[in-house]
There are 2 protein chains.
Amino acid sequence: MSMVSIKDVAARAGVSPGTVSNVLNRPEKVAGSTRDRVETVIRELGFVRHGSASTLRAGHSRTVGLSVMDIGNPFFTDVAAGVEDLASERGYAVILGNSSGSRVKEERNLLVFAEQRVRGVLITPSDEDQTRLDMLRGRGIAVVLVDHPAERADQCAVAVNDVTGGTMAVDHLLAGGFDSIAYITGPSSLRQCQDRRRGAERALAAAGRDPQELREVSMPAMTAAAGQQAAEKLLAQDRLPDALFCANDLLAVGMLRGLLQGGVRVPDDVSLIGYDDIDFASATTVSLSSIRQPTYQLGRVATELLLDECDNPDTHAHQQIMFQPDLVVRESTR
Amino acid sequence: MSMVSIKDVAARAGVSPGTVSNVLNRPEKVAGSTRDRVETVIRELGFVRHGSASTLRAGHSRTVGLSVMDIGNPFFTDVAAGVEDLASERGYAVILGNSSGSRVKEERNLLVFAEQRVRGVLITPSDEDQTRLDMLRGRGIAVVLVDHPAERADQCAVAVNDVTGGTMAVDHLLAGGFDSIAYITGPSSLRQCQDRRRGAERALAAAGRDPQELREVSMPAMTAAAGQQAAEKLLAQDRLPDALFCANDLLAVGMLRGLLQGGVRVPDDVSLIGYDDIDFASATTVSLSSIRQPTYQLGRVATELLLDECDNPDTHAHQQIMFQPDLVVRESTR
DNA sequence: GACACTGATTAAAACGTAACAATCACAGAT
DNA sequence: ATCTGTGATTGTTACGTTTTAATCAGTGTC
């Protein structure tokens, strides 16, 4: 219980608390001999800096917040891996918040970030409401959008072109000669879902077809469980589409499971393509065609921008980066 | 930039800072009318409590640390979901640290936890070294072991019986009449890997066979990539085993992929069983038999114990909880 | 021997909050 | 009119660190 403070270290080493603080934060300012002495005492006493006291006095912490929509989705864990790698290289700690797609949970996470006085926040926003983010910025907290393009120029953002991705997916399905195509999607409030749909419609239009004929099955979540329910919905209808475009791989995995259980053969009866190209996509019953995104890079680059904004606020120039997705063809569309 | 503090709120509401603090922490101590007034001012000014100042003064924070071995493994994200759900129900925030199986990263995460003065730590330890955990306890930080039994009685721990699980898996394989069985495992330093092996050997012994005949392929990581490499190793050997027991499902997924690519049929040529029963296990090319663990519960119960130790330190009694695993049979062992 | 200069160290003042003892206002009892 | 008790509020102190200005001890110069 007896916390050892910077004063205890100072007393034991025969220096002032200020010197110990210098050893910790500006080692070059203190003479080699005293530095060594202080460092041994720190080790002897097992001193650990009180982060809160430090943050309070310094006015800022060495942590960043990361808010993701679904920690159970490998897409986001890959992003998180990229964030954490770069952050810890730069000596920052990451506080991870999972909103599970719920607005209130996201709000609560942002509140925690604000209370902890994180240096910056990386967020995959679950809606288009910018006011909460502006609130953070007003508090001097840098905000970078992840997997979301910026509609304004006064912020950094890193995204992947989802319209292009949607077009790629449906172009690929159309090339297979499929007639009726359905789009299996999550909440239509999600920009990702909207954009991928727009891309899909664009592909139809480019092929000289009516974008309106794209059937849609919308689910409240983008999980495997939701995908399976979508399959049941589809099977209950009279006529099955020829090809399915799922808004992410989890939906596709669940859809695949549901279809097979319903006796539908993939790709013989129905073709199927997902989105994200998560690691498991190549391991499913029928391996999944998908749209690959540079996921890890997404997290890493976003963090790069965030830390630049934090550490060089004067020279920092906001950037909006847009990656391009890739088509990965596997069995489910052969 | 201009941070609004408790004093600003107090001035605007015409009360003392102490009263504002009371509104925040012991609302029942303050008269209804003043409470309402203060609360409106808080909203008007957009005041957010300075968590660091609060922690510094109060001597403890409202956060717990969670250190997992591999955030890319669905097993751990399920555990994390359980932890986060209960923690946020109780008003605690979770700081998630991913050690990626590296001892130094785990150490670094624990240091961050100590600096942040978290109230408690939940950890899936990556080795048997208790000194670092005792160090935390010495600082007044509660520690609960997750997915790891306690060898001492002075701590809480929540685990699943891995020896039983290993026995179940190999019992099941033996019941299929398989002759030569191999154990595909991660680092042998991991208790999980050891215990599951012991369980496997026990099953062999109980069947009147020599436990020594269990072949072993040990990989440095427990990922799908490692599983695929293990498959290549196995295929390079002259004779393939009849059945494979993989120490977790990620290894099994990779193994499955590797075997199929090598032209080996599952389960016709080789039977395969994994461990954890992650969500994807039922969606793989050949659906995976596995050993199911109460993963979400593991995280939830561990957090329950941790918060009890934090909030009721005097009445708290340390508990060691051991869950039992279940066998799930699917195609890969039919 | 006084001087300025340099590099190393220190003393002291914050940072925003929680907690405790002290004060206050006021009603009811004597 | 005084006292007591109660509930509401306030003043003050301390938490552990960082930071700035001030002090100190040398070293070399004129």
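Every chain is numbered from 1, with letters handed out A, B, ... down the list of sequences. Treat the numbers as computed from the prediction; the structure is a model and nothing was measured.
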Given [options], identify the nucleotide with an atom nearest to the side chain of [X].
X	options	value
A/Arg57	D/dT19, C/dT17, D/dT9	D/dT19
A/Leu56	C/dC15, C/dT17, D/dT17	C/dC15
B/Ser16	D/dT17, D/dG11, C/dC15	D/dG11

So, is [X] near the phosphate of [N], with a side-chain N or O under 4.0 Å from OP1 or OP2?
X	N	value
A/Ser21	D/dT17	no
B/Arg26	C/dA19	yes
B/Ser54	C/dA18	yes
B/Thr34	D/dT9	yes
B/Arg49	C/dA18	yes

Rounded to whole Å, how long is the line connecting atom [atom1] of [X] with atom [atom2] of [N]?
X	N	atom1	atom2	result
B/Arg117	D/dC15	CZ	P	14 Å
A/His50	C/dT17	NE2	P	15 Å
B/Ile6	D/dG11	CD1	P	14 Å
A/Asp8	D/dC15	CG	C1'	13 Å
A/His60	D/dT17	NE2	P	16 Å
A/Arg35	C/dA8	CZ	C1'	12 Å
B/Gln116	D/dT17	CD	C1'	14 Å
B/Met3	C/dG16	CE	C1'	12 Å

| So does B/Arg90 pair up with B/Glu304, basic N to acidic O under 4.0 Å? | yes
| field | Sidechain N-carboxylate O distance under 4.0 Å for A/Arg62, B/Glu115 | value | no
Under 4.0 Å between any heavy atoms, over every strand shown, what does [X] touch: base, sugar-phosphate, or nothing? Just pick one.
X	result
B/Ser5	sugar-phosphate
B/Val15	sugar-phosphate
A/Thr55	nothing

| task | State, without any angle test, whether B/Ser102 and B/Ser100 hold a side-chain donor-acceptor pair at a distance under 3.5 Å. | result | no
Kindly indicate whether the side chain of [X], heavy atoms from C-beta on, has any atom under 4.5 Å from the side chain of [Y].
X	Y	result
A/Phe76	A/Thr295	no
B/Ile321	B/Leu305	yes
A/Arg137	A/Asp134	yes

| field | Nearest-nucleotide 5' precedence on DNA chain C, A/Ala58 against A/Gly18 | value | A/Gly18
| note | Comparing B/Lys29 with A/Leu24, nearest DNA chain D nucleotide closer to 5' gives the residue B/Lys29
| said: Assuming nearest nucleotide by heavy-atom distance, tell me which of A/Val20 and B/Asn22 is located more 5' along DNA chain D. | reply: B/Asn22
